[in-house]
Amino acid sequence: MRKLQQLLRNMDGKSYKAYKQLQGSYSFERYELFMDYIQGDPFAAPSKIRIRIGEAQRPIKKTWRNNKQQNIYVADRIARSVAKAIQQQSSQARGSGKSGLVQIDQPGQEILERTAVQIRQEELVICLSIGLPANGRRINGKEAEKLIFTIIPALLKQSIFTITDQELERSAELADQHVAIREKMEANDWLAFIADGAILPRESGISNRPMKQAVPFQSPTENQVTIDLPHREQPLTGMVMKKGINVIVGGGYHGKSTLLQALERGVYHHIHGDGREYVLTDPAAVKIRAEDGRQVTSVNISPFINDLPHGQDTVRFTTENASGSTSQATNVIEAVEAGAHALLIDEDTSATNFMIRDARMQELVHQEKEPITPFIDRIKQLRDQLRVSTVLVMGGSGDYFDVADEVWMMDQYRMVNVTNKAQEIVANYPISRQPISDSPLTEIGERVFLADSFQLYKGRKKKVQAKDQSTILLGTTTVQLQNVEQIVDSSQTRAIAEILRYLEAKQILRQKRSLPALLNEIEETMNKEGLAAFSPFPQQHPGDLARPRRFEIAACLNRLRTAKVQ
């Protein structure tokens, strides 16, 4: 600590690059400080530091260390406390560029496995980014001393050393409750659970916080269940959506898409007070949409699209600019290939000709002139042959009543089970459209991504970088993920970028594993070694990664414009 203080005083006024001398570790009274990466310029990406706190200075319960789910939730709660202390910090070191900046990878409404806070057997590790102060491009030693010896200790005092075990215990209890609900869902073949009183609408289109004065969710009586949860005196009641074909109907602006968005985010767990903390969806549910212009490489879309003009191959369909229907067919096949248990579809973001062809259109455009087998003619085969459920928001076609297991209506944000009424309508108003295909939906083929799919060089250097939540730079190409709607945090995108870099560095694609096998291996590595395993410096500062699902990793691979697939 004294050595660090003296170093800062000695380098005051020197060229900014002299800060590089700080790299190393320093012992403070209650923690150890590691300066892992020192920025080379005050305007460059900030420096990376770690705070290591021993068990004696901040005891952490044994169950929080050893129970994986509780570990994630307690670490998440600590990260939130540090982020709040940073926001409340009034004093900041001054200077040019990023001088005085202090950041932690701040969690959103979802509870994700992160590297920002790591709870280990004998220690607690906090990863921060800081901007070392400068005047112009010269070191401001006094402000740097203030940052490291006043501001950061104050932040730690207000967060890690202040947060009570009772607060952390509450997060650990929520972890137990989510596990209990998921066990109940799995035992009963439930696709989703939505608790009574849940707040589904969000504050705005750019905010994921719960809307104030929203209509609380209330289960239809016939679909209401009661679940006894640990750490809770009263049982939890809510609605269950069973696996199968679920169609959600209702007037415009009555909450259909809001419900689907809640289910889409329900693959992740949410914090106390979010309104969706007891809205849980099968973690292998995947949002499907049309995605005009996306890259497709060797995907078998023939179950949905055949006999394209000019004899274009749909068994190994490849294009740099997919249409609405071919992109949506591709997204369905790729999701199933990656192991999806359920597809979440909103007609508002779907290609109409992919979803339905009614009887009148069939009469005018004969089957031999139409290459598309619409989704309605495959949806039951997905359920029966591949055990893939569907949740579909549909406001424009009652033809889906014929294939639905359950029909739900959102009426002014209130849920009503209208399955019986829909079946009456089917009986009273039979449709004359004929299924276009009765051919079996065979197992989806498994593709192999080849080693030369990765072209990482930009000039003489390899470049892999997540620019934001929806963009990854890979060499000279860009992977666009803005339509991959279940990426909920930019730290997940950073983790995907690191996973791609890791696969290339370890030459894992040379082993020619199928995509599902490759995803299994990635998940196994995450489970055993944690996210830090994919960081280029796993023993140093891996502090801004959050765990992505296998489906979003696959989505990135599938959108590589340099992909080579066998």
Count the heavy atoms belonging to other residues, nucleotides or ligands that lie under 6.0 Å from CZ of Arg289, then report whether that count exceeds 12.
yes
Are the side chain of Arg383 and the backbone N or O of Ile245 linked by a donor-acceptor pair below 3.5 Å?
no
Counting only heavy atoms from other residues, nucleotides and ligands, does the tally under 6.0 Å from NZ of Lys462 exceed 12?
yes
For Asn331 and Ile288, indicate whether the former's side chain and the latter's backbone hold a donor-acceptor pair under 3.5 Å.
no
Carboxylate-amine/guanidinium proximity below 4.0 Å for Glu113 and Arg547:
yes
Backbone N or O of Ile487 within a donor-acceptor pair of the Gln469 side chain at under 3.5 Å?
yes
Taking the side chain from Glu498 and the backbone from Arg494, do they hold a donor-acceptor pair closer than 3.5 Å?
no
Between Asp544 and Ser129, is there a side-chain heavy-atom distance shorter than 4.5 Å?
no
Polar contact flag, side-chain donor to acceptor under 3.5 angstrom, Thr297-Gln295:
yes
With side chain to side chain contact (heavy atoms under 4.5 Å, CB included) as the test, would you mind laying out the steps for Cys127 and Gln118 before giving the verdict?
CA-CA 9 Å; Cys127 294; Gln118 299 161 57; 3.9 Å; yes
Tabulate below the donor-acceptor pairs under 3.5 Å that side-chain atoms of residues 342-350 make, not counting sequence neighbours, or state none.
{"unit_1": "Asp346", "atom_1": "OD1", "unit_2": "Asp348", "atom_2": "N", "d": "3.0"}
{"unit_1": "Asp346", "atom_1": "OD2", "unit_2": "Ser257", "atom_2": "OG", "d": "2.6"}
{"unit_1": "Glu347", "atom_1": "OE1", "unit_2": "Gly396", "atom_2": "N", "d": "3.4"}
{"unit_1": "Glu347", "atom_1": "OE2", "unit_2": "Gly395", "atom_2": "N", "d": "2.4"}
{"unit_1": "Glu347", "atom_1": "OE2", "unit_2": "Gly396", "atom_2": "N", "d": "3.3"}
{"unit_1": "Thr349", "atom_1": "OG1", "unit_2": "Asp346", "atom_2": "O", "d": "3.3"}
{"unit_1": "Ser350", "atom_1": "OG", "unit_2": "Gln328", "atom_2": "NE2", "d": "3.1"}
{"unit_1": "Ser350", "atom_1": "OG", "unit_2": "Asp346", "atom_2": "O", "d": "2.9"}

Test side chain to side chain contact (heavy atoms under 4.5 Å, CB included) on Ser298 and Thr318; report intermediate values, then the result.
CA-CA 5 Å; Ser298 199; Thr318 299; 4.2 Å; yes
Before you tell me yes or no, could you show the steps for Ser302 and Asn300 under side chain to side chain donor-acceptor pair (under 3.5 Å), namely the whole-Å CA-CA distance, both residues' side-chain angles and the distance that decides it to 0.1 Å?
CA-CA 6 Å; Ser302 63; Asn300 179 10; 2.5 Å; yes
Any ion pair linking Arg501 and Glu504 (charged N to carboxylate O, less than 4.0 Å)?
no
With the side chain counted from C-beta on, respond yes when Leu263 and Ile194 share a heavy-atom pair under 4.5 Å apart, and no when they do not.
yes
Answer whether the closest heavy-atom distance between the side chains of Gln480 and Glu291 falls below 4.5 Å.
no
Between the side chain of Gln486 and the main-chain N/O of Ala285, is any donor-acceptor distance below 3.5 Å?
yes
Salt bridge or not for Lys48 and Asp36, using N-O below 4.0 Å?
no
Quick one: side-chain hydrogen bond (donor to acceptor under 3.5 Å, both in side chains) partners of Glu173, sequence neighbours excluded?
none
With no hydrogens and no angle check, is any side-chain donor or acceptor of Ser389 less than 3.5 Å from a backbone partner on Gly244?
yes
Any donor and acceptor pair, going by atom type alone, linking the side chain of Asn223 with main-chain N or O of Met239 inside 3.5 Å?
no
Quick check: do Leu509 and Leu450 have side-chain heavy atoms less than 4.5 Å from each other?
no
Any donor-acceptor pair under 3.5 Å from Glu277 side chain to Gly275 backbone
yes
Glu523: side-chain hydrogen bond (donor to acceptor under 3.5 Å, both in side chains) partners, not counting sequence neighbours:
Arg550
Got a salt bridge between Asp405 and Lys242, using NZ or NE/NH1/NH2 to carboxylate O under 4.0 Å?
no
More than 12 heavy atoms of other groups within 6.0 Å of Arg209 CZ
no
Could you check whether any side-chain N or O of Ser327 sits under 3.5 Å from a backbone N or O of Ala322, counting only pairs where one atom can act as donor and the other as acceptor?
no
Does atom NZ of Lys506 have more than 12 heavy-atom neighbours from other groups under 6.0 Å away?
no
Any Arg114 side-chain heavy atom under 4.5 Å of Asp489 side chain:
yes
Has the side chain of Glu264 got a donor or acceptor atom that lies under 3.5 Å from a matching backbone atom of Lys287?
no
May I ask you to check whether over 12 heavy atoms, not counting those of Lys84, lie within 6.0 Å of atom NZ?
no
Please tell me whether Ser323 and Thr326 have a donor and an acceptor in their side chains that are separated by less than 3.5 angstrom.
yes
Mind running side chain to side chain contact (heavy atoms under 4.5 Å, CB included) on Val179 and Glu183 for me, showing each step along the way?
CA-CA 6 Å; Val179 168; Glu183 288 174 349; 3.6 Å; yes
Evaluation steps, side chain to side chain contact (heavy atoms under 4.5 Å, CB included), between Gln455 and Thr477:
CA-CA 8 Å; Gln455 296 176 21; Thr477 63; over 6 Å; no
Does Glu186 have more than 12 heavy atoms from other residues, nucleotides or ligands lying within 6.0 Å of its CD?
no
Hey, what's the ring geometry for His178 with His269, parallel, tilted or perpendicular (30° and 60° as the breaks)?
parallel
How about Leu259 and Trp408: do any of their side-chain heavy atoms sit closer than 4.5 Å?
no
Mark yes when over 12 heavy atoms from residues, nucleotides or ligands other than Arg170 sit less than 6.0 Å from its CZ; otherwise mark no.
no
